[in-house]
Amino acid sequence: RGLGDVYKRQIIMSRSYGNGSRSDLGGLIEKLSSPDKDLRYMAVSDLYKELKLPGFSCTATLEASLCEWILKKTEDPSSDVCGLATKCLAPLLSYASDANARMLVASLCNIQRKGTTSSGGSSLFKSVSLKTLIAEVPAAEGKASSVLADEAAPRMIEVMKSSGEQKGGASAIGESLDILSDLVKKFYFHKWSSHPDIASILLDIFSSPSSDAFVRKKCTACVAALAPHLDDAQLAKVVATCVESLCAAPLGGGAHTLGRAQSSLLRSQVNCVASLVTSVGSRQGLALAEALPRLSELCERHEEEQEDCD
């Protein structure tokens with residue numbers, strides 16, 4: 001931003017909000033609808049400072065209005081306003097009531113998935129606000145982390161299930177997988193085994209004919225992050241499914257005889273099994289023994305192909 005914008009904002013702050021005095025929340029919320037982007041920026045800035053104060057509290061009516069307007073400002077035409085509003089999400093989630101906190105996360109997920117059209121007509125998936133919220137919520141057991149995991153994870157699953165056949169669906173699925181991976185890695189203490197459908201859906205997406213290498217790679221990372229938190233029965237099912245897929249993959253006359261799509265799928269299957277073993281260690285059980293002959297066969301065929309090439 002230029003010096004002129006900085007000076008303008010300093011003047012606005014001194015005239016409109018006073019110097020060092022506690023701002024009136026209702027007045028600040030009203031200024032969020034101003035057509036002047038600098039007024040909106042300063043209002044969000046003061047709201048952010050208020051939210052960061054120890055013991056922040058407000059009436060239920062103001063809290064609901066604050067949640068509504070901060071959500072709106074995460075889509076503000078001004079990138080500066082949008083970025084600062086996004087930073088308000090984590091402290092607001094901590095202070096809001098359970099009902100408003102869940103509404104905040106649910107609405108944010110809906111905003112991210114809301115159809116916006118690019119010049120090519122494809123649906124865009126905007127995930128910056130949600131990723132920022134995950135990054136800024138403390139990695140500790142509490143209301144904020146629990147609400148975020150409970151509300152965001154199933155909605156990301158819904159995005160993945162509904163985006164497969166849509167134009168631009170791979171991008172939406174990839175972003176959803178990134179967000180789900182971030183949730184599982186950061187809030188590892190959450191009871192992820194209580195979401196038994198997540199692992200099954202991830203494997204379905206991995207095996208879907210419409211999934212490309214990009215989606216399978218992100219799916220593998222997400223499965224590997226989730227695997228250590230599954231109970232023994234869930235983990236055994238995941239490992240067995242991955243191993244069975246690998247063992248059933250056609251090899252033909254060798255990897256060099258496979259088509260590009262088959263070769264890419266085979267590499268993804270090998271990487272998926274390897275990532276699972278790395279993430280869960282000895283918990284992978286006896287199912288891995290079934291995969292070893294196939295892995296050995298792949299290695300032997302690769303050596304033979306290399307010798308033929310030499």
Side-chain angles (χ1 to χ4, degrees), residues 25 29 32 44 47-48 50-52 56-76 81-116 123-163 172-198 201-202 222 225-226 229:
L25 286 178
I29 291 173
L32 293 177
V44 176
L47 283 171
Y48 178 66
E50 294 286 340
L51 288 167
K52 296 290 286 185
F56 169 82
S57 64
C58 62
T59 65
T61 301
L62 273 178
E63 181 184 296
S65 181
L66 185 57
C67 290
E68 178 185 353
W69 274 101
I70 290 299
L71 280 169
K72 287 181 180 179
K73 293 301 102 181
T74 62
E75 294 191 290
D76 195 272
V81 175
C82 179
L84 194 53
T86 299
K87 291 180 69 66
C88 292
L89 292 170
L92 184 56
L93 186 68
S94 298
Y95 288 121
S97 65
D98 185 75
N100 281 334
R102 291 185 183 279
M103 180 278 297
L104 189 73
V105 177
S107 298
L108 189 61
C109 291
N110 291 336
I111 287 173
Q112 306 314 309
R113 187 63 188 94
K114 184 173 63 178
T116 55
S123 177
L124 301 177
F125 188 91
K126 301 179 298 178
S127 59
V128 175
S129 296
L130 195 52
K131 287 183 176 179
T132 301
L133 178 58
I134 294 170
E136 294 192 353
V137 168
E141 292 189 59
K143 184 196 72 179
S145 60
S146 177
V147 167
L148 190 49
D150 283 341
E151 296 294 326
R155 285 176 170 81
M156 292 304 100
I157 291 294
E158 286 303 313
V159 170
M160 289 185 268
K161 289 168 65 176
S162 63
S163 299
I173 292 173
E175 292 287 357
S176 300
L177 286 167
D178 283 343
I179 289 170
L180 190 56
S181 293
D182 289 346
L183 286 169
V184 174
K185 289 175 182 177
K186 184 163 188 178
F187 307 123
Y188 56 88
F189 44 80
H190 184 70
K191 193 171 179 59
W192 292 106
S193 59
S194 64
H195 302 273
D197 56 323
I198 292 182
I201 292 169
L202 289 174
C222 197
L226 181 66
H229 309 294

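Owing to the predicted nature of the structure, the values given are computational and were not obtained by experimental measurement.
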*Separation between NZ of Lys131 and CG of Leu133, rounded to the nearest 0.5 Å*: 13.5 Å
*Identify, with sequence neighbours excluded, every residue that meets salt bridge (Lys or Arg N to Asp or Glu O under 4.0 Å) alongside Asp182.*
none
Quick one: side chains of residues 59-68, donor-acceptor pairs under 3.5 Å with protein atoms, not counting sequence neighbours, listed by atom name and distance.
| residue | atom | partner | partner atom | Å |
| --- | --- | --- | --- | --- |
| Thr59 | OG1 | Leu62 | N | 3.1 |
| Glu63 | OE2 | Ser97 | N | 2.9 |
| Glu63 | OE2 | Ser97 | OG | 3.1 |
| Glu63 | OE2 | Asn100 | ND2 | 2.5 |
| Glu68 | OE2 | Lys72 | NZ | 3.4 |

*Examine distances only and state if a side-chain atom of Ser146 and a backbone atom of Gly142 form a donor-acceptor pair shorter than 3.5 Å.*
no
*Which heavy-atom pair separates Cys222 from Leu202 by the least distance, and what is that distance?*
SG-CD1, 3.9 Å
_CA sep, side-chain torsions, deciding dist, call: Ile157, Leu180, side-chain contact (heavy atoms from CB on, under 4.5 Å)_ = CA-CA 8 Å; Ile157 291 294; Leu180 190 56; 3.9 Å; yes
_Which atom of Leu108 lies closest to which atom of Ser129, heavy atoms considered_ = CD1-CB, 3.8 Å
_Using a strict threshold of under 4.0 Å (side-chain N to carboxylate O), is an ion pair present between Arg155 and Glu158?_
no
*Minimum-distance pair of heavy atoms, taken over all atoms of Leu51 and Tyr95*: O-CE1, 2.8 Å
*Closest approach of Ala135 to Lys186 (non-hydrogen atoms, all atoms of both residues)*: O-NZ, 2.6 Å
*asked:* Restricting to side chain to side chain donor-acceptor pair (under 3.5 Å), what partner residues turn up for Ser94, sequence neighbours left out?
replied: none
*asked:* Return the CG to CG distance between Leu84 and Leu47, rounded to the nearest 0.5 Å.
replied: 9.0 Å
*asked:* Working note: Met156 + Leu130, criterion side-chain contact (heavy atoms from CB on, under 4.5 Å); need CA distance, chi angles, decisive distance, verdict.
replied: CA-CA 11 Å; Met156 292 304 100; Leu130 195 52; 3.9 Å; yes
*asked:* Strictly by salt bridge (charged side-chain N to carboxylate O under 4.0 Å, His left out), give each pair with a member in residues 85-103 just once, sequence neighbours left out.
replied: Lys87-Glu136, Asp98-Arg102, Arg102-Asp150, Arg102-Glu151
*Where do Phe187 and Val137 land on the side-chain contact (heavy atoms from CB on, under 4.5 Å) test, with the steps shown first?*
CA-CA 10 Å; Phe187 307 123; Val137 168; 4.0 Å; yes
*asked:* Rounded at 0.5 Å granularity, tell me how far SG in Cys88 sits from CG in Leu104.
replied: 10.5 Å
*With sequence neighbours excluded, what pairs up with Ala152 under the side chain to side chain contact (heavy atoms under 4.5 Å, CB included) test?*
Val105, Cys109, Leu148, Leu183
*Output, in order, the C-alpha distance, side-chain angles, deciding distance and verdict of side-chain contact (heavy atoms from CB on, under 4.5 Å) for Leu25 and Phe56.*
CA-CA 11 Å; Leu25 286 178; Phe56 169 82; 3.8 Å; yes
*Can you check whether Val44's main-chain N or O pairs, donor with acceptor, with Lys73's side chain at less than 3.5 Å?*
no
_To check you understand the geometry: which heavy-atom pair defines the closest contact between Ala140 and Ser145, and what is its length?_
O-OG, 2.8 Å
*All side chain to side chain contact (heavy atoms under 4.5 Å, CB included) counterparts of Tyr188, not counting sequence neighbours*: His229
_For the backbone of Leu71 and the side chain of Thr74, can you confirm whether one donor and one acceptor N or O come within less than 3.5 Å of each other?_
yes
*Mind checking side chain to side chain donor-acceptor pair (under 3.5 Å) for Lys52 and listing every partner two or more places apart, or none if nothing turns up?*
none
_With rounding to the nearest 0.5 angstrom, report the CD1 to OG1 distance, Ile70 to Thr86._
9.5 Å
*Pairs in or reaching into residues 139-149: which pass salt bridge (charged side-chain N to carboxylate O under 4.0 Å, His left out), with residues at least two apart or in two chains?*
none
